[in-house]
Amino acid sequence: MQYAAAQVSGLTHIGHVKIMRYRPDHGDLLIEAGVGWKPGVVGHATLAIDHASPPGRALQTAAPVVIEDLPNDPEFRLSDLLAEHGIVSVANVPILIDGQTWGVLEVDAHHPRRFDEADIGFMTAFANLVGVALQRQTLERKLAAAAAEHTQAKTNHEVVLRELQHRVKNNFQVILSFLALQRRHATTDDGRERFVSVMDRVHAIALAHDQLIMREGAGAVDFADYLHALCANINPYRESVIIDVQADETHVPLDRAVPAGLIVNELVTNSLKYAFDEKGGTIRVTFSVDPAIGEGCIVVEDDGRGMPPRSEQTPRKGSLGVRLVEAFVQQLNGRIERDEVEKGTKIRACFPLAI
């Protein structure tokens with residue numbers, strides 16, 4: 001949850017984020033994780049759940065609560081905690097598990113801020129992912145306890161885990177359907193393109209879970225198969241562009257395969273958008289493993305026009321795609337480099353295959 005809070009803060013550029021768990025026995029919301037708060041807040045501070053409390057209303061209604069000017073809003077109460085941190089604008093979305101409200105995800109800004117539908121949609125999707133992760137964690141804990149008492153615990157674990165994986169897949173399908181529906185309402189080409197980019201990223205994650213399911217509940221992904229499936233689903237809509245994939249056979253844990261696949265998705269999409277003229281060309285994706293040091297290296301290269309101006313370690317500095325690539329590489333504790341080539345662009349991302 002702490003990592004999730006940090007990711008929300010980084011992607012929304014809001015300094016204060018907290019994840020709160022509803023405690024029925026105490027009648028409050030406990031701040032379980034968060035960033036930007038003074039020492040002693042996370043893990044200890046609580047907020048009320050009454051209707052005048054922003055997170056309380058989100059908990060009661062199971063719906064987003066957005067307030068642009070909380071100190072002057074007569075309908076809500078400014079808590080001592082938020083006042084102490086100088087919070088002005090807040091946005092809350094519920095975290096649901098099996099239709100029940102587990103808690104609330106809240107972002108808090110120091111200055112008046114308008115949270116639009118895209119902001120709330122992002123927070124809702126992220127809260128859903130947190131809910132799925134918490135549900136999986138709860139199931140794993142229950143099954144681990146049962147293993148000491150029942151000889152069939154391992155079988156039960158696999159059955160429950162597979163069921164959960166299918167639920168996760170269904171959640172991805174719901175998210176993709178929602179994004180496709182919203183894309184239809186986009187009024188500009190740029191807006192539609194942004195929706196397509198988000199859908200491609202969600203689909204990249206869904207493909208990794210599909211590979212996991214095909215391995216009968218194993219905890220690792222056949223990364224070569226994953227890369228082939230991933231690149232086959234990145235449709236360039238141009239017959240003149242070829243995506244060639246060469247990958248060593250290895251299995252990568254899901255929590256490392258997903259960010260690695262998203263790196264490939266961003267780099268290949270980047271080449272498709274910027275590297276070629278009408279004559280087209282080739283994008284080569286290679287994945288190699290050095291078993292001596294337990295490291296994998298992804299190389300994405302094209303024979304296009306190149307990308308001036310050059311920077312030492314980023315493919316196209318400043319774009320959202322580049323920032324995502326850098327974030328995913330950092331998440332993997334890896335490194336990213338740009339190799340010098342006579343023609344086109346060549347990006348290399350290396351990372352340990354296991355923590």
Side-chain angles (χ1 to χ4, degrees), residues 200-201 203-208 210-212 214-215 220-236 238-276 279-307 310-317 319 321-322 324-354:
D200 286 343
R201 291 162 185 150
H203 194 223
I205 302 173
L207 282 173
D210 287 346
Q211 293 292 328
L212 195 67
M214 288 190 294
R215 296 199 65 229
V221 172
D222 186 320
F223 199 66
D225 287 349
Y226 175 41
L227 285 184
H228 280 92
L230 176 63
C231 291
N233 281 274
I234 302 177
N235 186 357
R238 294 168 63 182
E239 296 181 357
S240 59
V241 177
I242 298 173
I243 304 177
D244 179 49
V245 180
Q246 300 292 331
D248 290 350
E249 295 290 337
T250 191
H251 293 103
V252 178
L254 178 66
D255 59 351
R256 304 189 72 71
V258 168
L262 288 169
I263 289 171
V264 172
N265 180 79
E266 297 299 328
L267 293 177
V268 171
T269 301
N270 212 38
S271 288
L272 287 170
K273 292 173 64 176
Y274 302 109
F276 305 109
K279 295 180 180 179
T282 300
I283 301 172
R284 293 182 178 84
V285 178
T286 59
F287 174 70
S288 58
V289 176
D290 186 343
I293 60 176
E295 183 178 75
C297 283
I298 296 168
V299 177
V300 177
E301 57 183 313
D302 62 63
D303 55 3
R305 59 171 63 95
M307 46 178 211
R310 294 176 179 269
S311 60
E312 293 183 358
Q313 294 188 348
T314 59
R316 284 181 175 85
K317 196 170 183 63
S319 69
V322 169
L324 288 174
V325 168
E326 293 172 340
F328 294 140
V329 171
Q330 184 177 10
Q331 179 180 340
L332 291 169
N333 295 320
R335 65 186 187 279
I336 186 168
E337 303 167 350
R338 199 190 80 178
D339 297 345
E340 295 296 332
V341 291
E342 293 184 1
K343 182 181 180 182
T345 302
K346 186 175 183 180
I347 307 297
R348 182 185 308 273
C350 299
F351 59 93
L353 296 175

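If you're wondering where the values come from, they're calculated on a predicted model, not measured in any experiment.
Scanning both residues, Cys231 and Val264, for their nearest heavy atoms gives SG-CG1, 4.0 Å. For Val252 against Ala257, the heavy-atom pair with the smallest separation is CG1-N, 3.7 Å. Shortest non-hydrogen contact noted between Pro259 and Leu254 is CD-O, 4.5 Å. For the residue pair Val241 and Leu272, the shortest heavy atom distance occurs at CG1-CD2, 3.5 Å. Contact record, Phe351 with Ala260: CZ-CB, 3.7 Å, taken as the closest heavy-atom pair. The shortest heavy-atom contact between Ala224 and His228 is O-ND1, 2.8 Å.
Ile336 CD1 to Leu267 CG: the interatomic distance, rounded to the nearest 0.5 Å, is 6.0 Å. One finds the CG atom of Asp302 at 13.0 Å from the CD1 atom of Ile242 (value rounded to the nearest 0.5 Å). Here the OG1 atom belonging to Thr269 is positioned 7.5 Å from the CZ atom belonging to Arg201, to the nearest 0.5 angstrom. The CG atom of Leu227 sits 9.5 Å away from the CG atom of Asp222 when rounded to the nearest 0.5 Å.
Between Glu326 and Val322, the closest side-chain pair of non-hydrogen atoms falls below 4.5 Å. The shortest side-chain heavy-atom distance between Glu340 and Glu342 does not fall under the 4.5 Å cut-off. The side-chain heavy atoms of Phe223 and Ile298, taken from C-beta on, include a pair separated by under 4.5 Å. Looking only at side-chain heavy atoms (C-beta outward), Arg256 and Pro352 come within less than 4.5 Å of each other. A heavy-atom distance below 4.5 Å is not found between the side chains of Leu262 and Leu324. Here the side chains of Lys346 and Val299 are in contact, with some heavy-atom distance below 4.5 Å.
Partners of Lys343 by salt bridge (Lys or Arg N to Asp or Glu O under 4.0 Å), not counting sequence neighbours: none found. With sequence neighbours excluded, the residues satisfying side-chain hydrogen bond (donor to acceptor under 3.5 Å, both in side chains) with Gln331 are Tyr3. By the side-chain contact (heavy atoms from CB on, under 4.5 Å) test, Ala349 pairs with Ile263, Val329, sequence neighbours left out.
Arg305 contributes a side-chain N or O that, together with a main-chain N or O of Phe276, makes up a donor-acceptor pair within less than 3.5 Å.
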I'd like a table of donor-acceptor pairs (distance under 3.5 Å, sequence neighbours excluded) in which one partner is a side-chain atom from residues 284-295, with atom names and distances.
residue, atom, partner, partner atom, Å
Asp290, OD1, Ala292, N, 3.1
Glu295, OE1, Arg335, NH2, 3.4
Glu295, OE2, Arg335, NH1, 2.7

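Sorted by first then second residue, the salt bridge (charged side-chain N to carboxylate O under 4.0 Å, His left out) pairs that include residues 243-252, not counting sequence neighbours, number zero.
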